[in-house]
Every structure is written in C-alpha cells, then in structure tokens.
Amino acid sequence: MKNVLVTGGAGFIGSNFVYYLLKKDPTLRVVVLDALTYAGRRENLSALPASANVVFIHGDICDRALIDEVLATHEIDTIVHFAAESHVDRGISGPEPFIRTNVHGTFTLLEAARERANRAGTAPRFHHVSTDEVFGALSVGDPPFSEATPYAPRSPYSASKAASDHLVRAYWITYGIPITISNCSNNYGPYQFPEKLIPLMIVNALSGKPLPVYGKGDQIRDWLHVEDHCDAIYRIITSGKTGETYCVGGDNQPTNLTIVRLICELLDRKKPSPDEKSYAEQIQFVNDRPGHDFRYDIDSRKIKRDLGWRQSYRFEDGIAATVDWYLANGAWLSMITGDPAYASWIGRNYLGRGETSPASNRKEEAA
Ligand code: NAD
Ligand code: DAU
C-alpha cells in the first residue's frame, strides 16, 4: 500500500480515517476525493501536519472520467470508499441523492477499478465502508447481526447501502476485483455533522434549543468510537482477506434516551447552563421517524478473531471525550450551524415533527 484513494475523506469518518492512516504510516500518499456536499468540509482536514502527503480533489464519485484520471495519475493501489449520503432522515425526505451517490457512485468506482485492472494488469484493492443497517432491525432478545445475517434493509438509506454492498461483492465474484466490506454500527466522535443524534444534542443543548427525542427514545444502537472504526478498517485493508465481509460493533446497548440524558449530565458538569437549569429540561419527545429501526447489535467476533481488532474506548469515556471535543471546537460548530441551509434542514426535520405529549410519553416510559 503506497497510494491510497479515500473517497468522502472530508466527511466525519473519512476525515478521522485520513488522520488515523497517516498516524499509522506517515509515508503514505493519500488522495482525498470529496464532492463537499453539505456534510463534507475541507476544514475537517485542516489539522493535518504540513508534512502530510495529502492531495485533495474536489469531485464527484459519479464522474467516471475523473475517477479514471485519479486512479491512473496517482497510481492508486488501494481505494477506501466512504463517500455516501449518510443520514437516514434525509433519505426519508429525499431519497434520490442516496440512489445516485450510494448506488451509482459505488458502481462508477467499481467500473473504474475494473478498467484499471484491464489496462494496468492489477486492480486496486477496494474497501467498501458499509453499515449494519443493511441487516434491518432487531427486537429485544434477537441475536446480534453477523456476517451470516441475511440482508433486510428498511429505509432508502439502508436499501441504497445494501445495493452497493451487493455490487461490490458481485465485482469480486464476477471480475475478481480484490474487495473487502465492513458493516459497522453507529459511530460517534470528533467532526460528526450535527444532524446525527449525539452532536445534534450537544449543539441544541448549548444553544438553548429543544432536544428532539423520536418516539419514546427507547430505540437502541450499538455505539462505537470513530477511532475504533478507523482501526478496524486499517486492519482490514492491511491484513483482511479479499472477498470477505467484517462486522464491526461496539458491544454497547444504551437507549437513545439514556444517551441524551448522559450528554445532559456531562454538559451540566462541564458547561452549566447560564440559567442553572439542567439541560435535560430541554428534552422534547417528537413524532417518531417513519419505519424507525428499533435495535441494532453487532457480533464482531470474526474481526476480533481473524484480525486481532478490539475496541479501545469505553462508551462513557468516549462520550465524555466527544463532549469535550465539541466544547473545544466552537468555531467549527459555528461554521456549520451558521450556514442557512443547516438551519433550514433542522427546522424542517426536527421542529417540523411536532412535539408529542411529554407527559404521556413519560408515563409510558415509567410503565
Ligand atoms: P458523512 O455524511 O459525514 O460524510 C460523507 C462524505 O461523502 C462527505 O464528505 C460528502 O461530501 C462526501 N460525498 C457525498 N456524496 C459524494 C459524491 N457523490 N462524491 C464524492 N463525495 C461525496 O458520512 P459518515 O458518517 O462519515 O459516513 C461515511 C461512510 O461510512 C458512509 O458510507 C456510511 O454509510 C458509512 N457508515 C457510517 C456510520 C456512521 O455511524 N456514521 C456507520 C457505519 C457506516
Ligand atoms: O448504524 C449505522 C448507521 O448509524 C449509519 O449507517 C448511518 O450513516 C448513521 O447516520 C447512523 O444511523 P442512525 O439513524 O442510527 O443515526 P442517527 O444519529 O440519525 O440516530 C440515532 C438514533 O437516534 C436513532 O434511533 C434515531 C434517534 N434520533 C436521532 C436524531 C437525529 C432521535 O431520537 N432524535 C434525533 O434528533
């Protein structure tokens, strides 16, 4: 591995991965290709050292001519594919860009890799970063998702990611393109766009806005610190077996409401509200996400056994560190929250959901 193409490297996990990769091997040449949609920021990479051998290309993964040129000019031997439309709620309001980027964009990259194999004699290694949401939803007591779980996506986002997983696997079976896939659970940590649960709650709490909890807040995700996800991907691209899928999860099962309350407690201690009320008083139960997946849980035994991966963050420590990061990076946050497009989306999505009766929700919760 010498020349690595990171698609979506200006987004949340992609930017964390670029830092991680160069920490592991500062001699690598990293080419970041990112369309800089609402979710991508060049500023996410501004803490790279001046010595880092990073080329940034502002471009679209659906642009076949551009991808061909990037693969050839930079002699790319490894592609780590993060670029995607990633937010489930946005996929519900408008699925079209999800199909375009997640399905057609992945197909375009695969075709370019196939063409490169024909021309140069070897195909670049292709790692596809995917999600546990392709497996559908679990109820309480169901066994966790594993590499053997059948696909059952339930939202436009997860259906588009499932389609891309199938394409990636098909290019291995049909054309021998050396692929790997990871299906990971919910990430949290620095640079996460404040539309996702954890950073949205931090931002809204600090700005005195409601903390919108969907339904009763009893849904469960399997949270993993982004650095642990980056470590898993690094191990897969350096020692994973081609053609294989690896499930990656955090062995954490807090409910959404537990997380929101934990964030409020942390903020109450670290940055008390000027009126001295607990941030928890800002919690507002709102109408549920349509088709809301109830629970995710991941069995990571394969990557632990085969690649020696372990998560290093305890959830409580990771969340506290994340709250600290957002408190220390007010300028980064203001850059995003000051964008009128951000305010308009948040207004439509969260406040447009309508508050449900907190009293009745709390009664149900107590029951
Ligand atoms: P993100 O939304 O923060 O970043 C996505 C990046 O892709 C942005 O920089 C955006 O500008 C770029 N992008 C979007 N469309 C593009 C296009 N057509 N061409 C080039 N660049 C484009 O997403 P994220 O949370 O960092 O997720 C990254 C990947 O990881 C996604 O594939 C997602 O499905 C997967 N994933 C995310 C999570 C999670 O919890 N966030 C968990 C498992 C897997
Ligand atoms: O599981 C992996 C997936 O995790 C990734 O593939 C996706 O890209 C990523 O966005 C994430 O999807 P979720 O839908 O689980 O994440 P989100 O942060 O949007 O929501 C987490 C939970 O919190 C979910 O049950 C919905 C709920 N929620 C979310 C928001 C934004 C709320 O209750 N209120 C909110 O305001």
Side-chain angles (χ1 to χ4, degrees), residues 6-17 32-42 44-45 57-63 66-67 80-92 97-98 100-102 104-106 108-109 128-135 137 145 153 155 157-158 160-161 164-165 182-189 191-201 204 210-224 226 229 232-233 248-250 255-257 259-260 283-286 288-289 292-298 346 349-351 353:
V6 178
T7 72
F12 163 49
I13 311 177
S15 59
N16 276 281
F17 183 73
V32 173
L33 175 73
D34 199 298
L36 298 179
T37 66
Y38 79 94
R41 305 276 159 163
R42 282 200 73 160
N44 291 359
L45 294 167
I57 298 169
H58 182 189
D60 191 326
I61 56 166
C62 298
D63 181 345
L66 173 67
I67 307 297
V80 188
H81 175 35
F82 293 93
E85 288 294 337
S86 69
H87 192 44
V88 174
D89 291 323
R90 288 189 193 247
I92 293 169
F98 287 69
R100 181 181 179 279
T101 288
N102 302 1
H104 194 72
T106 304
T108 305
L109 286 168
H128 179 55
V129 181
S130 192
T131 169
D132 59 356
E133 298 199 11
V134 297
F135 300 123
F145 301 134
S155 71
Y157 164 70
S158 55
S160 69
K161 291 297 290 189
S164 61
D165 288 14
S182 48
N183 293 101
C184 186
S185 57
N186 288 61
N187 284 213
Y188 67 94
Y191 299 110
Q192 188 166 32
F193 194 84
E195 62 184 351
K196 308 288 194 318
L197 179 73
I198 289 174
L200 180 77
M201 294 301 147
N204 279 14
L211 309 181
V213 172
Y214 298 171
K216 288 188 277 176
D218 54 356
Q219 300 81 12
I220 291 169
R221 299 290 181 265
D222 186 0
W223 295 93
L224 181 72
V226 64
H229 186 189
I233 295 170
V248 187
T255 66
N256 292 340
L257 189 56
I259 293 183
V260 176
I283 292 175
Q284 202 171 90
F285 293 89
V286 297
D288 210 346
R289 173 185 279 176
H292 199 166
D293 288 346
F294 182 68
R295 186 171 78 92
Y296 307 138
D297 184 12
I298 280 268
I346 295 293
N349 186 48
Y350 305 107
L351 306 178
R353 280 173 187 272

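Both counts, for ligands and for their atoms, begin at 1 and track the order of listing. Note that these values count all heavy atoms, side chains included, but never hydrogens, waters or copies made by symmetry. A quick note: this is a predicted structure, and the numbers were derived from the prediction, not measured.
- Defined by atom type and a distance below 3.5 Å, a donor-acceptor pair is missing between the side-chain atoms of Lys216 and Thr255.
- The distance criterion of under 3.5 Å between nitrogen or oxygen atoms is met by Asn186 with respect to ligand 2.
- Only the side chain of Leu200 comes within contact range of ligand 2, with a heavy atom under 4.0 Å; no backbone atom does.
- Contacts between Pro212 and ligand 2 below 4.0 angstrom, taking non-hydrogen atoms only, involve backbone and side chain alike.
- At least one heavy atom of Asp34 sits closer than 4.0 Å to an atom of ligand 1.
- The part of Leu36 lying near ligand 1 is the backbone, judged by heavy-atom distances below 4.0 Å.
- Using a 4.0 Å heavy-atom cutoff, Gly9 is absent from the residues neighbouring ligand 1.
- Using a cut-off of 4.0 Å between Lys/Arg side-chain N and Asp/Glu carboxylate O, Arg295 and Asp293 are scored as not salt-bridged.
- When only interatomic distances are considered, the shortest N/O to N/O separation between Tyr214 and ligand 2 falls below 3.5 Å.
- Tyr38 and Arg90 are linked by a side-chain donor-acceptor pair at a separation below 3.5 angstrom, with hydrogens and angles left out of the test.
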Decide yes or no on side chain to side chain contact (heavy atoms under 4.5 Å, CB included) for Leu257 and Phe285, but give the supporting numbers first.
CA-CA 10 Å; Leu257 189 56; Phe285 293 89; 4.1 Å; yes

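- Considering backbone and side-chain atoms together, Val213 places no N or O closer than 3.5 Å to any N or O of ligand 2.
- Judged by the shortest distance from any of its heavy atoms, Tyr157 lies inside the 4.0 Å radius around the atoms of ligand 1.
- Counted by atom type alone, Asp165 and His128 present one or more donor-acceptor pairs between their side chains at under 3.5 Å.
- Contacts with ligand 2 closer than 4.0 Å are made by heavy atoms of both the backbone and the side chain of Leu197.
- Checking Lys196, His87, Arg289, Arg295 against atom 14 (O) of ligand 2, the nearest heavy atom belongs to Arg289.
- In terms of N/O distances under 3.5 Å, ligand 2 is approached by Asp132.
- Considering each of Leu66, Ile13, Thr131, the one bringing a non-hydrogen atom nearest atom 37 (C) of ligand 1 is Ile13.
- Here's the thing with Lys161: one of its N/O atoms is less than 3.5 angstrom from an N/O atom of ligand 1.
- Considering backbone and side-chain N/O of Asp89, none are found under 3.5 Å from N/O of ligand 2.
- At least one N or O atom of His292 sits closer than 3.5 Å to an N or O atom of ligand 2.
- A heavy-atom separation below 4.0 Å is found between Ala10 and ligand 1.
- In summary, of the residues considered (Thr131, Val134, Val248), a side chain to side chain contact (heavy atoms under 4.5 Å, CB included) with Asn183 occurs for Val134 alone.
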Could you go through the side chain to side chain contact (heavy atoms under 4.5 Å, CB included) check for Ile61 and Thr101 one step at a time?
CA-CA 7 Å; Ile61 56 166; Thr101 288; 4.0 Å; yes

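- Under a 4.0 angstrom heavy-atom cut-off, Ser130 registers as being in contact with ligand 1.
- At least one N/O-N/O distance between Thr37 and ligand 1 falls below 3.5 Å.
- Cation-pi contact between Arg289 and Tyr214: absent, since separation from the ring centre below 6.0 Å together with deviation from the ring axis within 45° is not met.
- Of the heavy atoms in Met201, only side-chain atoms (C-beta onward) come closer than 4.0 Å to ligand 2.
- Not one N or O on the side chain of Asn102 forms a donor-acceptor pair closer than 3.5 Å with the backbone of Lys161.
- Backbone and side-chain nitrogen or oxygen atoms of Phe82 are examined, and one is located within less than 3.5 angstrom of a nitrogen or oxygen of ligand 1.
- The shortest N/O to N/O separation between Asn187 and ligand 1 falls below 3.5 Å.
- Close N/O approach between Thr101 and ligand 1 is found [any backbone or side-chain N/O within under 3.5 Å].
- Side chains of Phe294 and Asp218 form a contact here, defined as non-hydrogen atoms less than 4.5 Å apart.
- Considering each of Phe17, Tyr38, Phe12, the one bringing a non-hydrogen atom nearest atom 25 (O) of ligand 1 is Phe12.
- In this structure the side chain of Leu36 reaches within 4.5 angstrom of the side chain of Arg42, judged on heavy atoms.
- Ranking protein heavy atoms by distance to atom 19 (N) of ligand 1, first place goes to Ile61 N, 3.0 Å.
- When only interatomic distances are considered, the shortest N/O to N/O separation between Gln192 and ligand 1 does not fall below 3.5 Å.
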Verify side chain to side chain contact (heavy atoms under 4.5 Å, CB included) between Glu85 and Tyr157, making sure each step is shown before the conclusion.
CA-CA 8 Å; Glu85 288 294 337; Tyr157 164 70; 5.8 Å; no

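- Only backbone heavy atoms of Ser185 (N, CA, C or O) come within less than 4.0 Å of ligand 1; its side chain stays farther off.
- At the shortest separation from atom 5 (C) of ligand 1 among protein heavy atoms lies Ala84 O, 3.4 Å.
- With a heavy-atom cut-off of 4.0 Å, Glu133 touches ligand 2 through its side chain alone.
- Using a 4.0 Å heavy-atom cutoff, Glu195 is listed among the residues neighbouring ligand 2.
- Within the 4.5 Å cutoff, side-chain heavy atoms of Phe17 are placed close to those of Val80.
- In this structure, of Ala35, Ser86, Ser158, the residue bringing a heavy atom nearest to atom 21 (N) of ligand 1 is Ala35.
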